[in-house]
Amino acid sequence: MPPKAIWHQNTETCSFSDVEKYRNLYSCVSLTELVAIEITHLHAFKRKICHCKLCSRLFVPYSVTAQYCHNTNPDLGGKKCSEVARYLTLKKTVENDQLLKERQKNYRTYHQWVRRQMEQGYAAHIQEEIQKKFKKWKKDTSKAIDQYRREKLSQEEGLRQVAIPQIKDRSPLLEGRKKYLRG
């Protein structure tokens, strides 16, 4: 049923550019009529209204693929549903995939080791080498996971590739420096 709002084409109080932008001016008596006008406009501009998969509120998505709203949710600590959904989706994906779980665990361990080495204050060339090896490991593990998802790699082979290198293989320069200091 169309809204019972009164339609105006009031060009006397608007500038020409405003008339082109807002050709239809409505005045309505109740909130129900205002909602009806809004829904009519959304339909006219081919916008759809969706339910947020996290909080079940209605929202107008910013993109075709949006599934979560940008409203702050007090149940989620005042964060937006779209922010929390990213984390929950990743957590669910990692829980269901042994290779991703192992890579995440190894990433944390290796990253922590790299951070500690940076705090030790080693020479710049040793720090660069450590960071270079870590970046190469990250790149290699990402490729291994992609190959596993495309079923070009078995899970056992993938687990072998996402394993972190032994400490002596992480930085030959660092190991040489430690032997020199010990010796």
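Predicted, not measured: the structure shown is a model, and the values here were computed from it. Side chains are part of it too, since the values below use all heavy atoms of this structure and drop only hydrogens, waters and symmetry mates.
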Exercise for the section: Check step by step if ring pair (Phe, Tyr, Trp, His ring centres under 6.0 Å) holds for F59 and H70. Expected result: CA-CA 8 Å; F59 75 103; H70 291 286; 7.7 Å; no
Exercise for the section: With sequence neighbours left out, write down each residue that passes side chain to side chain contact (heavy atoms under 4.5 Å, CB included) with K79, or none if nothing qualifies. Expected result: E83, V84
Practice task
Flag yes if more than 12 heavy atoms outside H51 fall under 6.0 Å of its NE2 atom; otherwise flag no.
Solution key: no
Exercise for the section: Would you mind listing every salt bridge (Lys or Arg N to Asp or Glu O under 4.0 Å) that reaches into residues 135-147, with sequence neighbours excluded? Expected result: K136-D140
Exercise for the section: May I have all residue pairs that pass salt bridge (Lys or Arg N to Asp or Glu O under 4.0 Å) and include part of residues 102-111, sequence neighbours excluded? Expected result: E102-K105
Practice task
Go through the steps for Q104 and L100 under the test side-chain contact (heavy atoms from CB on, under 4.5 Å), then give the verdict.
Solution key: CA-CA 6 Å; Q104 192 174 46; L100 284 175; over 6 Å; no
Completion exercise
Of all heavy-atom pairs linking A163 and W137, the shortest is O-NE1, 3.1 Å
Fill in the blank from the handout: Between V162 and T141, the two heavy atoms sitting closest are CA-CG2, 3.6 Å
Problem - pair I130-W113: side-chain heavy atoms closer than 4.5 Å - result: yes
Practice task
Can you see which heavy atom on I164 is nearest to which on Y110, and at what distance?
Solution key: CG2-CB, 3.7 Å
Problem - Validation row: C55, C69 side chains within 4.5 angstrom (heavy atoms) - result: yes
Practice task
List the steps and the verdict of side-chain contact (heavy atoms from CB on, under 4.5 Å) for L88 and L54.
Solution key: CA-CA 10 Å; L88 292 176; L54 206 53; 3.9 Å; yes
Exercise for the section: With sequence neighbours excluded, give me every salt bridge (Lys or Arg N to Asp or Glu O under 4.0 Å) pair touching residues 148-158. Expected result: E157-R160
Practice task
Would you please name every residue forming a side chain to side chain contact (heavy atoms under 4.5 Å, CB included) with Q120, sequence neighbours left out?
Solution key: Q117, Y122
Practice task
Compare all side-chain heavy atoms of L153 with those of Q161 and state whether any distance is below 4.5 angstrom.
Solution key: yes
Exercise for the section: Answer yes if L58 and V60 sit in the same cluster of Ile, Leu, Val, Met, Phe, Trp and Tyr residues linked by side chain heavy atoms under 4.5 Å apart, and no otherwise. Expected result: yes
Completion exercise
Rounded to the nearest 0.5 Å, the CG atom of N71 sits from the SG atom of C52 at a distance of 7.5 Å
Practice task
Please name all residues satisfying side chain to side chain contact (heavy atoms under 4.5 Å, CB included) with T65, sequence neighbours left out, ordered by chain then number.
Solution key: S63
